[in-house]
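What you see below is based on every heavy atom in this structure, not just the backbone, and it leaves out hydrogens, waters and symmetry mates. Start at 1 and go down the list; that is how both ligands and their atoms are numbered. All of these numbers come straight from a predicted model, not from anything done at the bench.
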Amino acid sequence: MSAMNPGHVRIEGTLAIVGGGRMGEAIAAGLAASGVFEPASIVIAEPIAERREALTFAHGVRCVETAPEAAAEGDIVLLAVKPQVMDAVLAEVHDSVAERLVVSIAAGISSARIESGLPAGTAVVRVMPNTPALVREGMSVISGGSEATAEQVDLVREIFSVLGHAIVLDEHHQDAATAISGSGPAYVALIIDALARSGVMHGLPRHIAEELAVQTVAGTAALVERTGQHPEQIIDGVASPGGTTIAAIEALEAAGVRAAFNAAVTAAVDRAKELGS
Ligand SMILES: NC(=O)c1ccc[n+]([C@@H]2O[C@H](COP(=O)([O-])OP(=O)(O)OC[C@H]3O[C@@H](n4cnc5c(N)ncnc54)[C@H](OP(=O)(O)O)[C@@H]3O)[C@@H](O)[C@H]2O)c1
């Protein structure tokens with residue numbers, strides 16, 4: 001099904017995406033723009049007509065109204081619907097996915113549960129991507145179900161690596177991955193917004209405050225990644241004795257920032273478990 005081209009994998013088959021929402025669009029856009037799939041080889045099932053038109057206009061992909069129509073065409077069927085509607089969607093596509101590789105990005109839904117809603121023997125790969133995939137800076141965590149071969153898991157990893165980083169992990173880590181990288185863009189955006197607002201409080205124009213916050217988050221992420229330093233070393237590198245940064249860090253610690261992040265991640269893990277049960 002696949003052959004290499006310069007830079008990344010190129011897939012000759014059809015990718016069916018069920019659900020043309022935020023993640024479905026982000027994945028379709030990245031794969032079409034990078035040439036992993038020809039835009040015409042991506043078909044999206046999306047119930048809302050205006051949304052179908054917008055997706056075709058923006059990315060050159062084909063759109064159909066119902067999940068079975070798309071699934072019947074796909075060599076790979078990617079389920080990008082909310083966990084709450086997954087059971088209904090599995091029932092819809094059940095008779096169209098024989099011999100297909102089914103990929104689910106639904107938070108909290110195990111590959112075993114997807115398999116149980118599909119014909120026996122269907123290969124399922126579970127992925128937790130995140131929204132920076134839209135700008136190909138995503139983080140995707142990939143786990144094979146009981147019927148997926150190592151080659152199928154690796155094919156999915158290659159596809160998602162076009163949208164940023166992609167790693168394969170045992171499925172029992174998926175709820176933690178969901179809570180860190182799946183939901184994480186919301187936490188980081190909250191930090192950016194909080195920093196920018198604080199800048200406004202102290203007289204900076206909003207757009208300047210936001211630029212300072214955004215580039216500081218991006219630059220710090222690059223610094224951690226490229227130097228391999230422990231985050232504590234980065235903190236120590238900024239916090240000079242008796243200086244401004246140590247005063248700020250003490251205020252953050254006093255406000256319980258670490259405990260707040262721990263509580264947030266634990267809440268997300270608990271919710272992922274609830275959604276999956
Ligand atoms: N957003 C994230 O950051 C993120 C990150 C990682 C994983 N995920 C996972 O990605 C999945 C999709 O999330 P999302 O944020 O993209 O949700 P979303 O924006 O609500 O997109 C879901 C799309 O699926 C459509 N849909 C619903 N039922 C359908 C059906 N029977 N057939 C075809 N399409 C149908 C919805 O249409 P209607 O609007 O008409 O219902 C909607 O356009 C979720 O399972 C989520 O857990 C999301």
Side-chain angles (χ1 to χ4, degrees), residues 15-31 42-56 58-59 61-74 77-97 102-111 113-114 117-118 124-135 137-143 156 160 163-167 169 171 173-190 264-265 268-269 271-277:
L15 174 67
I17 300 179
V18 178
R22 278 158 297 191
M23 285 311 299
E25 177 172 13
I27 292 166
L31 296 178
I42 297 176
V43 56
I44 302 182
E46 168 54 45
I48 299 172
E50 301 89 77
R51 185 92 189 118
R52 290 198 294 277
E53 280 167 32
L55 289 166
T56 298
H59 311 296
V61 298
R62 289 182 300 123
C63 290
V64 294
E65 187 174 356
T66 68
E69 284 174 88
E73 281 197 54
V77 179
L78 190 145
L79 304 175
V81 294
K82 292 284 188 205
Q84 293 85 340
V85 301
M86 184 56 85
D87 287 334
V89 167
L90 290 175
E92 282 184 59
V93 301
H94 181 280
D95 295 338
S96 318
V97 295
V102 174
V103 179
S104 165
I105 62 166
I109 311 274
S110 69
S111 61
R113 186 159 147 206
I114 308 272
L118 296 175
V124 173
V125 174
R126 181 176 168 191
V127 181
M128 177 45 56
N130 66 9
T131 52
L134 190 55
V135 290
E137 289 286 353
M139 180 71 237
S140 300
V141 176
I142 292 149
S143 307
V156 175
F160 278 84
L163 306 171
H165 291 218
I167 60 170
L169 275 186
E171 190 166 355
H173 289 307
Q174 279 283 358
D175 288 343
T178 301
I180 303 287
S181 54
S183 303
Y187 320 151
V188 177
L190 187 148
V265 168
V269 168
R271 183 68 185 134
K273 288 194 200 314
E274 269 173 34
L275 287 170
S277 63

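- Closest to atom 30 (C) of ligand 1, if we only count protein heavy atoms, is Val89 CG2, 3.9 Å.
- By heavy-atom distance, the residue among Pro185, Gly21, Gly182 lying nearest atom 21 (O) of ligand 1 is Gly21.
- Per-residue contacts place Val18 under 4.0 angstrom from the following atoms of ligand 1 (heavy atoms of the residue considered): 32 (N), 33 (C).
- Test Glu171, Gln174, His173, Arg126 against Ser143 for side-chain hydrogen bond (donor to acceptor under 3.5 Å, both in side chains) and you get one pass: Gln174.
- Of the candidates Val93, Asn130, Val81, it is Val81 that places a heavy atom closest to atom 26 (N) of ligand 1.
- Close contacts of ligand 1 with Glu92, meaning ligand atoms under 4.0 Å from a residue heavy atom, involve 31 (N).
- Distances from atom 28 (N) of ligand 1 to the heavy atoms of Val85, Thr131, Ile109, Leu134 put Val85 nearest.
- Residue Ala80 touches ligand 1 through its backbone alone, judged by heavy-atom distances below 4.0 Å.
- Looking at ligand 1, you won't find any N or O of Arg51 less than 3.5 Å from one of its N or O atoms.
- Taking each of Leu90, Ile105, Ile27 in turn, the one with a heavy atom nearest to atom 10 (O) of ligand 1 proves to be Ile105.
- Of all atoms in ligand 1, listed by their number and element, those nearer than 4.0 Å to a heavy atom of Pro83 are 44 (C), 45 (O), 47 (O).
- Listed by number with element, the atoms of ligand 1 under 4.0 Å from a non-hydrogen atom of Glu46 are 25 (C), 37 (O), 42 (C), 43 (O).
- When only non-hydrogen protein atoms are considered, atom 24 (O) of ligand 1 lies nearest to Gly19 CA, 3.2 Å.
- The proximity of Met128 to ligand 1, defined as any non-hydrogen pair under 4.0 Å, is limited to the side chain.
- Less than 4.0 angstrom separates some heavy atom of Ile48 from each of these atoms of ligand 1: 40 (O).
- A side-chain donor-acceptor contact under 3.5 Å links Arg52 to the backbone of Glu46.
- Close approach to Pro129 involves these atoms of ligand 1, each under 4.0 Å from a residue heavy atom: 5 (C), 6 (C), 7 (C).
- At the shortest separation from atom 4 (C) of ligand 1 among protein heavy atoms lies Met23 CG, 3.4 Å.
- Against a heavy-atom cut-off of under 4.0 Å, Ala107 is close to the following atoms of ligand 1: 45 (O), 47 (O).
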